[in-house]
Every structure is written in C-alpha cells, then in structure tokens.
Asker: 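Below you'll find the structure I mean.
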Amino acid sequence: MDSIVVTGGAELRGSIEIAGAKNACLALMPATLLTEEPLTLMNAPRLSDIKTMTLLLQSLGSEVQSLQDGRVIAMSSLGPISTTAEYDIVRKMRASNLVLGPLLAREGHAVVSLPGGCAIGARPMDIHVTALEAMGAEIELKDGYLHAKTQGGLKGARVPLRFASVGATENVLMAATLAKGTTVIENAAREPEIVDLASCLSKMGAQIDGAGASTITIQGVDRLGGATHAVVTDRIELGTYMLAPAICGGEVECLGGRLELVEAFAAKLDEAGISVEETAKGLKVARKNGRVAAVDVRTEPFPGFPTDLQAQMMALLCTADGVSHLEETIFENRFMHAPELLRMGADVDIQGGTATVTGVERLKGAPVMATDLRASVSLILAGLAAEGETVVNRVYHLDRGYEHVEEKLGAVGAKIERVPGV
Ligand code: UD1
C-alpha cells in the first residue's frame, strides 16, 4: 500500500485547480439509469470512488466510458438493466446506495446490498427506506440486501425526512422524477450537490422545484432524455486546499472556488485570522503572520460547517493560539484522526461528540495511519505544518476522494511525495 511522505515547514505559494465534486458526481452517475439516452458528465474528478461507481453501473448493464483522461464520463443505459447491486462492489462505497431510487423508478423493483464506505459510524439506510416506502415501495432486508418492489411503479407522495440526509434526498429526488404524480420532499438536504443533481435532472426533462431549499417538489414525468452536464466544484477539496496555506503560511489561490460553496467554513477561517478573498478565478487564501486564533466549530448540514471538513479543521486548530472546541453532530464516530494527531504532539481531548483542542506551538513529524478519507488528508495537512518528516500510511482512503494530492500540493511548494507500497 502506498504511503505519503511529507516534510513540514515550507510556506505555500501559487494556485491549485479544484476538481469537480466527488459527491456530486457519485449522485449524477446513477441518473443514467433514468434514461435510455446518453448522459455525459464534464469536469468529473479522477478518483477511485468514481471507478467504483463505474464498475457498479457496468455490472448493472450500463455503458460507462471514461474520456479525456477521466475528465469526461459518457454513459448510456439502453438496457437491458440488471436490478441487483452486488455486495462485492457496494461494500466498497456507501454512495453505491444511490442506484436504489433510479432502479426502482426504471424497473419497479431492485435488490441492493447494504453499503460499506468510511468507517465513521453506523450509517444506516432507514431514511431512504421510509422515504421510498412512502412512495409505494415495499422493502425488506434479507441476507444483507434490501429487496424493494412496487405494485405498478412508484407514486408521488409527501415524503418528510426525519433528518436531512444527503443520500436519501438524492435517492428520492431521482426516484420521483419518473413517479406517477407529485412528490414533496420535506426537510430535504440543501447541499450544493443536491442542487447540481436537480439541475442535471432538469436538463434531462425532470420537473423539479425548490432544490437547495428544505422543500423540494417534483412533478413526475413519463420519460427522461439525455443531457450533458458539468459537475459542480468540489467544496470539500476546496476547503481542504484553503486550509493548506492557513496551516503552513503563504498565499494560495484555489481556482474554481466560490464563497457560496464554503461560506460557513470561510467564516471560521476569518475568525481564526486567515484572509479569504474572492477573485475572478477563485478564492485566494493567505496567512500573513503569527499563530491562528482558536475557534469553536459545530458541524451541521449545509449551509452549516461541513462534517467533511472537520478533520482538516482540527489539523489547523492543533497549532492555534488557545483552546478550540469541535463538535461533531453528523457522525457519531468521526474523530479517528485525533489519536494520530496526538502522535504528532497535538493536545486533543475527546468527550462524546466534542473534541477539545489545545493549540501547541509546533507539531512534530511522525509515522501515522489514515483511517478514513478526510482523516487521511488532515494528517497530510498536519504533516505540512510539523517539524520533520511525517509518513502517512494506508493512503488508499485518500485516493477515494483527492486526485493527485501530492502533485497539487507539490506545485505550490509543499515537500510531499508518494512512496509506492510493496
Ligand atoms: C453524504 C456524503 C458524505 C458526507 C455526508 C454528510 C456523498 C457520497 N457522501 O453522505 O461525504 O459526510 O453526506 O454531509 O454524498 N443516516 C441515517 N439513516 C439513513 C441515512 C443517514 O441514520 O437512512 C445518518 C447517517 O448515519 C449519518 C447522517 O444521517 O449519521 C448523515 O448521513 P447522510 O446525510 O445520509 O450522508 P450520506 O449521504 O451517506
């Protein structure tokens, strides 16, 4: 398994191109199942999670082609389409569950393995199941698989979500485009990736109103057509690279970044004393001098501070001047980066869902282990600020969500290299 070796201390200067959003692309790809016409995604990120979704769709009978070095994904699901999503692929990634809604909408039945993904909590599927049941699906769990069927197709319904789950909102949104009648999703997730999915579905002919708000209304149509759609910027990759100069010092322009994607996060950087400026090409982030100030952070669904940036923010706060509190409200087990940061000399105390971080003057390089996607990159960020060498092991998690991280950070002056595993 590859590792990443980082030598800390370098100031960062230059620009980093931000890729298309992994989480948007993973929701957009299953939309191919809703039409027999071609669906083409531009600005796709080149990540192993995208390869996993490609394999899953191919296993169902879709044609999926990666073009222009992976930047373009051309898909076609003319049929026949299998309705069984096998455990062997689904276990690699939780987002595989996003084929459930489209398969039900297209074929009226589906068998989808319960997913795997990052080990950051229980992550059940009850919200998806209850929502699709409200639309007339009958769903039971047998041998680790969800067996879903409908009598004569899905029907539009009022679908209140007990929590604004991103995946459940996406599954219902896709399912409802072809359902009979009107579906109203209440307490819908408001993430930019939902807006992006709705925008692509609308290009395909779906009738959707309210994406980005808590209530989304979908008027079912008989069929959807093809479309070409550019994936929205990855706000999590954006936030991660905004933290690089914040942690190391210097000035980095994140190309393609927009403030509206990361407002709550940028507000916390501002509070910590980091300057964030919108430019014609993206967001310019600079740390002028001195230590950053301690800040308190609470993760929340969008537009709040994203849970997917909590680990990286902790890396910054480890060297802040004072005591910060990080409250994780979305996942119950998402502080696995903390023990690794302790190995680097950080002072972090976890009590339930809250981490208390007492800033230290300087972190020290150490061998550390990546435990999930965002944890891996937080350790790289910490390594960039640390004295000496940090070796981040088990970086396959990283490759699920960050393309060419060593090249992107290397280009702005970071001392970072990938060491191939044996
Ligand atoms: C998506 C993102 C992930 C991000 C998360 C929260 C993708 C591919 N992944 O994941 O990076 O961290 O949103 O912003 O877009 N839950 C239930 N029952 C359910 C569904 C969810 O209890 O049926 C719980 C989960 O266990 C978790 C919380 O709700 O504690 C949030 O989950 P959800 O919003 O569904 O996240 P995902 O769509 O899996």
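Counting begins at 1 with the first residue of the sequence. Order of listing sets the numbers, starting from 1, for every ligand and every atom in it.
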Asker: Within ligand 1, which atoms have a heavy atom of T307 less than 4.0 Å away?
Answerer: 6 (C), 12 (O), 14 (O)

Asker: Is there a salt bridge (charged side-chain N to carboxylate O under 4.0 Å, His left out) between E403 and K22 once you walk through the steps?
Answerer: CA-CA 10 Å; E403 59 170 47; K22 166 181 90 74; over 6 Å; no

Asker: At their closest point, which heavy atom of E251 faces which heavy atom of A286, and how far apart are they?
Answerer: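 It is OE1-CB, 3.8 Å.
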
Asker: Out of D372, D308, T371, which residue meets the side-chain hydrogen bond (donor to acceptor under 3.5 Å, both in side chains) rule with R334?
Answerer: D308

Asker: Can you list the ligand 1 atoms lying under 4.0 Å from a non-hydrogen atom of D126?
Answerer: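 By the 4.0 Å cutoff, the relevant atoms are 17 (C), 18 (N), 19 (C), 22 (O), 23 (O).
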
Asker: Out of M125, M93, R94, R162, indicate the one that has the non-hydrogen atom closest to atom 22 (O) of ligand 1.
Answerer: R162

Asker: Looking at R334, which atoms of ligand 1 are within less than 4.0 Å of one of its heavy atoms?
Answerer: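 Close to R334: 12 (O).
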
Asker: Indicate yes or no: does an N/O atom of A164 lie under 3.5 Å from an N/O atom of ligand 1?
Answerer: no

Asker: Check each heavy atom of I330 against ligand 1 and say whether those closer than 4.0 Å belong to the side chain, the backbone, both or neither.
Answerer: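 Both backbone and side chain of I330 come within 4.0 Å of ligand 1.
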
Asker: Go through I73 and V64 one step at a time and tell me if the side chain to side chain contact (heavy atoms under 4.5 Å, CB included) criterion holds.
Answerer: CA-CA 7 Å; I73 302 173; V64 184; 3.7 Å; yes

Asker: Is the closest N or O pair between N23 and ligand 1 shorter than 3.5 Å?
Answerer: yes

Asker: Check this for me: does any side-chain nitrogen of one of E17 and K408 sit under 4.0 Å from a carboxylate oxygen of the other?
Answerer: no

Asker: For K203, is the NZ atom crowded, meaning more than 12 foreign heavy atoms sit under 6.0 Å from it?
Answerer: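 Yes - once you tally the heavy atoms of other residues, nucleotides and ligands closer than 6.0 Å, there are more than 12.
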
Asker: Looking at D308, which atoms of ligand 1 are within less than 4.0 Å of one of its heavy atoms?
Answerer: 3 (C), 4 (C), 11 (O), 12 (O)

Asker: Give the atoms of ligand 1, by number and element, whose distance to some non-hydrogen atom of V166 is under 4.0 Å.
Answerer: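 Answer, ordered by atom number: 1 (C), 13 (O), 33 (P), 34 (O), 35 (O), 38 (O).
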
Asker: More than 12 heavy atoms of other residues, nucleotides or ligands under 6.0 Å from CD of E63: is that the case?
Answerer: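 No, not enclosed.
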
Asker: For A168, is at least one N or O under 3.5 Å away from an N or O on ligand 1?
Answerer: no

Asker: Closer than 4.0 Å to some heavy atom of F163 - which atoms of ligand 1 meet that?
Answerer: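 Once the distances to F163 are compared, the set is 28 (C), 29 (O), 31 (C).
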
Asker: Just checking K155: does its NZ atom have more than 12 heavy atoms from other residues, nucleotides or ligands closer to it than 6.0 angstrom?
Answerer: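 Count over threshold, so yes.
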
Asker: Determine whether more than 12 heavy atoms belonging to other residues, nucleotides or ligands lie under 6.0 Å from atom CD of Q151.
Answerer: no

Asker: What atoms of ligand 1 come within less than 4.0 Å of a heavy atom belonging to A95?
Answerer: 8 (C)

Asker: At a 4.0 Å threshold, what atoms of ligand 1 neighbour a non-hydrogen atom of G167?
Answerer: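 Once the distances to G167 are compared, the set is 35 (O), 38 (O).
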
